[in-house]
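The structure appears right after this line, and notes come after that.
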There are 2 protein chains.
Amino acid sequence: MAETLSSSLPSSRREFVETAGRLCQRFGLPRSTGQIYGLLYLAPSPLSLDDIAELLSISKASASTGTRQLLSWHAIKQIWVPGDRRDHFEAVGDLHDLLRAGYEKFFRPKLERSVSKMDHLLVCLEADRKAGLLTKEEHAFCKERLAHLRSLQTRVQKLLPLAEKFL
Amino acid sequence: MAETLSSSLPSSRREFVETAGRLCQRFGLPRSTGQIYGLLYLAPSPLSLDDIAELLSISKASASTGTRQLLSWHAIKQIWVPGDRRDHFEAVGDLHDLLRAGYEKFFRPKLERSVSKMDHLLVCLEADRKAGLLTKEEHAFCKERLAHLRSLQTRVQKLLPLAEKFL
DNA sequence: CAGTTCGTTCAATTCTGATTGAACGAATAA
DNA sequence: TTATTCGTTCAATCAGAATTGAACGAACTG
């Protein structure tokens, strides 16, 4: 249902796509994925895979992997368009939900893993000490620094839920 | 002054280096830079470029660029060791300061640029509209979505200084 | 003064991961 | 049924960034 777009975008939407792509890239995500989200975010009606591929000048393969990625993050959803066999996609506009989900799915698990990693390192440090691999000063110094880091982690863990509420 | 380390690290420090390297990599920074910071963070005494290169098994060129990078972020500092002509490096332990600086230097400018970009896009949208490139609905839809994004930006701008204070 | 030692720079290489074309299976249409 | 459309997968390619070796200039040393 994108016949009105034929094969190009108004400059506002084109620039938005570019910005979204670069933003994603900065965060280590594929640029094309960001472009797809940007495209859909300003699309008044759902777009098919072919629309996306053509409007962004990317292969259908990229469009497919990108949309599946975005679907897995619940950043876009599939829309059934009566009389059209193809999948159509639409951006989830509520970025607040998106951020919350992103935090739950990405940051929180990573943070938790980093906390256990830290605990493991403290254990490791004691083992090294017992094995006589560390001088007394080295041991004390490392322990202090690791503890510092550890306390920062817990502060971050406390902060993020608050931040989410604030937004 | 790393002769006690000869050419290998206790497992606790080795794992820490690895973790720090991967963390950096996730954020789009060179892995070796993170490794260098990790190495120095748990180093009881300052290390020379050669120490770093040897302990991490990287070239001196990498060590040089990595340390200069970290210096520019004030994440490490140069230490003069009497009787040794070489530069020595030591990690800045206060991660709170480091985070604050990182925010000021990286996130804030990026946020500000994204805000002006947004304003530009709104102008752009009006131009497209006047040029008849947009239907009424498309225009209304885009305007609403851009406004939504814009308001999120300002909320983030307000949040970050608070978060910094909280940590 | 030559002879070292340091640290940096830069062109070349290597790695990593995004992107693609082609092939495939499933679903629809004729 | 056969033919077509659609979406996904996968091996191959491509691009961009990290890493390196080699060369250089500056600062020391004897």
Side-chain angles (χ1 to χ4, degrees), chain A residues 1-3 17-18 20-40 46-73 76-90 106, chain B residues 1-3 17-18 20-40 46-73 76-90 106:
Chain A
M1 295 307 170
E3 64 282 356
V17 163
E18 193 190 338
R22 278 216 270 265
L23 181 66
C24 254
Q25 201 175 22
R26 293 258 167 166
F27 280 88
L29 306 168
R31 172 197 309 203
S32 61
T33 302
Q35 290 177 322
I36 293 171
Y37 184 77
L39 177 65
L40 294 174
L47 301 179
S48 72
L49 263 195
D50 300 283
D51 294 334
I52 293 170
E54 181 180 0
L55 288 167
L56 297 180
S57 306
I58 62 177
S59 69
K60 219 166 113 180
S62 279
S64 175
T65 56
T67 50
R68 268 179 311 111
Q69 180 117 257
L70 289 166
L71 280 172
S72 80
W73 302 337
I76 65 176
K77 51 184 175 180
Q78 281 167 308
I79 299 287
W80 175 63
V81 173
D84 194 326
R85 179 145 77 90
R86 294 171 299 176
D87 289 343
H88 284 243
F89 300 92
E90 161 182 297
F106 287 104
Chain B
M1 295 304 172
E3 64 283 352
V17 163
E18 192 189 340
R22 277 216 272 265
L23 182 66
C24 254
Q25 201 174 22
R26 294 255 168 169
F27 280 89
L29 305 168
R31 173 196 310 205
S32 61
T33 302
Q35 291 176 323
I36 293 171
Y37 184 76
L39 178 65
L40 293 175
L47 301 179
S48 71
L49 264 195
D50 300 284
D51 294 334
I52 294 170
E54 180 180 0
L55 288 167
L56 297 180
S57 305
I58 62 179
S59 70
K60 219 167 114 179
S62 279
S64 175
T65 57
T67 50
R68 267 177 313 111
Q69 180 118 255
L70 289 166
L71 280 172
S72 79
W73 302 336
I76 63 176
K77 51 185 176 179
Q78 282 167 308
I79 300 288
W80 174 63
V81 174
D84 195 326
R85 178 143 78 87
R86 294 171 299 175
D87 289 341
H88 285 242
F89 301 91
E90 160 181 298
F106 287 104

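Below, all heavy atoms of this structure are taken into account, side chains as well, without hydrogens, waters or symmetry copies. Naming convention: chains lettered A, B, ... in sequence-line order (proteins, then strands); numbering from 1 in each chain.
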- Message: Rounded to whole Å, please give me the gap between CD1 in A/Ile52 and P in D/dT8.
- Response: 11 Å

- Expressed in angstrom and rounded to an integer, what is the separation of B/Gln69 atom CD from C/dG7 atom P? 18 Å

- Item | Along DNA chain D (nearest heavy atom to each residue), the more 5'-positioned of A/Gln25 and A/Thr65 | A/Thr65

- Is the backbone of B/Ala63 close enough, under 3.5 Å, to the side chain of B/Thr67 for a donor and an acceptor to pair up by distance? yes

- What's the shortest heavy-atom distance between A/Ser48 and A/His88, and which atoms? N-ND1, 3.7 Å

- Message: Tell me if a side-chain donor or acceptor on B/Ser62 pairs with a main-chain N or O of B/Ser59 at a distance below 3.5 Å.
- Response: no

- Message: Distance check needed: D/dG21 C1' versus B/Leu49 CG, whole Å only.
- Response: 16 Å

- Query: B/Asp87 CG to C/dT5 P: how many Å, rounded?
  - Reply: 17 Å

- Could you check how far NZ of A/Lys60 sits from P of D/dG7, rounded to whole Å? 6 Å

- Note on the structure: Of D/dT19, D/dT20, D/dG7, the nucleotide closest to the side chain of B/Ala61 is D/dT20

- Query: In whole angstrom, what separates A/Phe89's CZ from D/dC6's P?
  - Reply: 13 Å

- Message: Minimum heavy-atom separation for A/Gly34 and A/Cys24, please, with both atom names.
- Response: CA-SG, 3.5 Å

- Using heavy atoms to find the nearest nucleotide of DNA chain C for B/Ser64 and B/Arg31 separately, return the residue whose nucleotide is more 5′. B/Ser64

- Nearest-nucleotide 5' precedence on DNA chain C, A/Arg85 against A/Pro30: A/Pro30

- In whole angstrom, what separates A/Glu54's CD from D/dC6's P? 13 Å

- Message: Can you see if the side chain of A/Ser62 gets near the phosphate of C/dT20 - specifically, an N or O under 4.0 Å from OP1 or OP2?
- Response: yes

- Query: Starting at CZ of B/Arg68 and ending at P of D/dA18, how long is that distance when rounded to a whole Å?
  - Reply: 14 Å

- OP1, OP2 of D/dT19 versus side-chain N and O of B/Ser59: anything below 4.0 Å? no

- Query: About how many Å separate CG of B/Asp87 and CZ of B/Arg68, when rounded to the nearest 0.5 Å?
  - Reply: 11.5 Å

